[in-house]
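Right, one structure below, let's go through it.
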Amino acid sequence: MKHPILWIHGEALGPSNPALVAYPGRPAVFVFDTALLEGATPAQSLSLKRIGFLYECLLELPVTLRRGDVAEQVLAFAGAHGADGIVTSAATDPRFKAICRQLEPHLPLQVLEPEPFVVLEPEPNLGRFSRYWRQAERAVWAQWATAPGPR
Amino acid sequence: MATPPRSGVPLAWPEQPGDLPRQFTSRDSLERELKQLFPQAEGGLSPIEGGRRRAEELLTRIQPQRYGKGRNFLDGPVTRLSPYIRHGVLTLAEVRDAVFRRTRERQSSEKLINELGWRDYWQRLWRQLGDGIWHDQEALKTGHASNSYASDLPDDIATGSTGLACMDGFIAELHSSGWLHNHARMWLASYLVHWRRLRWQVGARWFLQHLLDGDPASNNLSWQWVASSFSHKPYIFNRSNLERYSGGRFCSACCLRDRGCPFEASYEDLDSRLFQR
Ligand SMILES: Cc1cc2nc3c(=O)[nH]c(=O)nc-3n(C[C@H](O)[C@H](O)[C@H](O)COP(=O)(O)OP(=O)(O)OC[C@H]3O[C@@H](n4cnc5c(N)ncnc54)[C@H](O)[C@@H]3O)c2cc1C
């Protein structure tokens, strides 16, 4: 991709968003998802506090703000900028995958992984936190041993 | 008092019709415009401000060494970073590294790192379960059938007028600021599910509407932990627990201070009163 646009979503509203890091200065867009705001999902409609919090985070990022159907808006933004692809960051919310499926038929989509808290191989057993933590705690603290800084 | 202007960082590309505004003369004008843009959204702005600048300020104030002992107290040294972490303003990895930078001996920072682990754990479960986080993970251990729990949020809870100073205080804070201390979330959730016999999903939905850190995974699975569909037993508390960790601030001003407090009992009594086992 030579001139992609960046799709920023609500799980990565900081400067370490890997799409912003990989393509600094490229046009970026965030879409307030009307269906989500109005409570089409199992969650209820969002209060103005939450929208305002997101808005203030977004004002500190170089990103155009839109409202409506996410895939439609992202594709229209890509069209307006003559983009040859879309770059975004991975998200956990299942809505993210659904939106990706709507984008992919139209333009190449690159999904970048944000820096993980801890990498676990093999995949941990998530039955209870204590099981997960037995494996994860060791791996997290192994990173402290190599982290720069005072000791 | 007038607040300073809110200006978005400049964009290197031209605006298009339909772009939402990025320049406001003050926080009040931001609030006014958002009310017009999102007429279905209830309430006003939270006193908690969004943005990386504010997140970094909070990050410089974390106290990993005091956290372990003090975190359960409402006025304890918790970080208040959750809204910023939830929305990736700061990544969990950045917070982890900030804790590491302040760590001379591992043991004193273990608890805070462990709590960050809870977030990572819930996110991994969400990836595995998808929308399944809205369903009971296991049968309830309360002895009550799941269909005996109510499906509507009662008015006195929606309006914060239960007459219990603690619960009304938590509800007011949830509504006005969108952030609650972990212990307050546990007490409020437990009151709704076990004392008021409400389906946990009703409370979870209500929290997600208001919490700035509202995250379906951390939230729903914590509600399930309280309800006992994702733990070995239901979570309950009593007055002496709440009074201790809130520094007595609610009980001293409560109408039910001297009699009628539904939380004034031993755990054994509450257990037999609330559950059928
Ligand atoms: C009923 C209920 C609902 C909850 N809903 C949410 C929610 O929607 N979003 C949310 O982020 N947290 C939720 N939590 C977890 C916890 O209450 C908050 O993360 C914490 O209170 C946030 O305050 P803090 O940033 O000062 O946390 P700190 O104690 O300073 O912890 C630092 C960070 O670790 C993470 N963390 C700490 N404790 C937990 C925990 N138990 N579960 C998951 N992450 C944790 C958070 O990202 C937090 O910012 C819920 C807990 C309960 C009991």
Side-chain angles (χ1 to χ4, degrees), chain A residues 10-17 25 27-28 32 37-39 42-68 77 80-81 89 92-94 114-118 124 126 129 132-133 136-137 140-141 143-144 147-151, chain B residues 6 8-9 11-13 16 18-20 22 30-31 34-35 38 40-46 48-53 83 87-94 96-97 100-101 103-104 106 113-114 116-118 120-121 123-128 130-131 134 178 205 208-210 212 214 216-217:
Chain A
E11 291 186 32
L13 301 183
S16 45
N17 178 319
F32 283 94
L37 298 182
E38 286 167 6
Q44 212 150 337
S45 62
L46 297 189
S47 65
L48 198 80
K49 294 185 286 295
R50 293 205 64 179
I51 297 174
F53 183 84
L54 294 172
Y55 218 96
E56 289 183 316
C57 295
L58 287 159
L59 290 179
E60 292 187 19
L61 293 175
V63 57
T64 289
L65 308 178
R66 306 282 306 186
R67 168 178 61 160
F77 187 78
H81 289 274
S89 59
T92 310
D93 194 321
E115 186 187 352
F117 174 65
V118 61
L126 300 177
F129 176 79
Y132 152 83
W133 195 238
E137 183 170 33
V140 176
W141 281 101
Q143 304 175 85
W144 174 60
R151 204 42 44 90
Chain B
R6 299 276 137 160
V9 301
L11 303 181
W13 53 92
Q16 301 277 337
D19 286 1
L20 301 184
R22 290 177 50 86
L30 169 68
E31 177 173 81
L34 290 183
K35 282 185 175 169
F38 303 100
Q40 82 291 345
E42 280 174 37
L45 293 185
S46 163
I48 300 171
E49 289 174 32
R52 174 79 176 193
R53 224 170 327 159
H87 292 295
V89 179
L90 291 168
T91 63
L92 219 42
E94 287 176 293
R96 174 201 69 201
D97 290 345
F100 283 167
R101 281 194 294 279
T103 302
R104 279 162 208 284
R106 168 174 160 171
I113 292 288
N114 171 279
L116 298 178
W118 274 99
D120 186 54
Y121 172 68
Q123 294 295 301
R124 285 170 189 266
L125 261 178
W126 195 10
R127 242 167 271 147
Q128 187 172 309
D131 288 333
W134 286 98
R205 248 179 231 129
L208 287 178
Q209 190 180 3
H210 293 286
L212 301 183

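Computed from a predicted structure; not experimentally measured. The chains referred to below are lettered A, B, ... by the order of the sequence lines, with proteins before strands, and numbering in each begins at 1.
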- Task: Indicate the atoms forming the closest heavy-atom contact of B/L34 with A/G52, along with that distance.
- Result: CD1-CA, 3.7 Å
- Message: Suppose we screen for side chain to side chain donor-acceptor pair (under 3.5 Å). Which residues come up paired with B/Q128, at least two apart in sequence or across chains?
- Response: none
- Item | Check: B/Q40/A/S45 side-chain N/O donor and acceptor closer than 3.5 Å | no
- Name the orientation class of the two ring planes belonging to A/W133 and A/F129 (parallel below 30°, tilted from 30 to 60°, perpendicular beyond 60°). parallel
- chain B contact via A/T64 - side chain, backbone, both or neither, heavy atoms under 4.5 Å: both
- Query: What part of A/A12 lies closer than 4.5 angstrom to a heavy atom of chain B: side chain, backbone, both or neither?
  - Reply: backbone
- Of the backbone (N, CA, C, O) and the side chain (C-beta and beyond), which part of A/F117 lies under 4.5 Å from a heavy atom of chain B, both, or neither? both
- Top residue by heavy-atom pair count (under 4.5 Å) with chain A, among B/R53, B/H87, B/E42, B/K35? B/H87
- Message: Out of B/I48, B/L45, B/V89, return the one with the most heavy atom pairs under 4.5 angstrom to chain A.
- Response: B/V89
- Query: Which region of A/P116, side chain (C-beta onward) or backbone (N, CA, C, O), has a non-hydrogen atom less than 4.5 Å from a non-hydrogen atom of chain B, or is it both or neither?
  - Reply: backbone
- Message: I'd like to know which of B/R124, B/R106, B/E31 tops the heavy-atom pair count under 4.5 Å against chain A.
- Response: B/R106
- Among B/R127, B/E49, B/R96, which residue forms the greatest number of heavy-atom pairs with chain A at distances under 4.5 Å? B/R96
- Query: Going by the angle between their ring planes, with limits at 30° and 60°, are A/W141 and B/F100 parallel, tilted or perpendicular?
  - Reply: tilted
- Task: Return the option, out of B/G130, B/G18, B/A12, B/G43, with the maximum number of heavy-atom pairs under 4.5 Å with chain A.
- Result: B/G18
- Message: With chain B as the partner, which of A/S47, A/P124, A/A136 has the greatest number of non-hydrogen pairs under 4.5 Å?
- Response: A/S47
- Message: Is A/L58 close to chain B through its backbone or its side chain, or both, or neither, when contacts mean heavy atoms under 4.5 Å?
- Response: backbone
- Item | Residue B/L212 versus chain A: region with a heavy atom under 4.5 Å | both
- Query: What part of A/D93 lies closer than 4.5 angstrom to a heavy atom of chain B: side chain, backbone, both or neither?
  - Reply: both
- Side-chain donor or acceptor of B/R22 paired with backbone N/O of A/V63 under 3.5 Å: yes
- Item | Per-residue contact mode, B/L11 against chain A (heavy atom under 4.5 angstrom) | side chain
- Item | Side-chain donor-acceptor pair present, B/E94, A/S16, cut-off under 3.5 Å | yes
- Pick from B/S46, B/A217, B/G44 with the largest number of heavy-atom pairs that fall under 4.5 Å of chain A: B/G44
- Would you please name every residue forming a side chain to side chain donor-acceptor pair (under 3.5 Å) with A/R67, sequence neighbours left out? none
- Note on the structure: Applying a strict 4.5 Å limit to non-hydrogen atoms, the region of A/Y132 in contact with chain B is side chain
- Item | Polar side-chain atom of A/E11 near backbone of A/T92 as donor-acceptor pair, under 3.5 Å | yes
- Message: Donor-acceptor pair, distance only, cut-off 3.5 Å: does the side chain of A/E60 make one with the backbone of B/R52?
- Response: yes
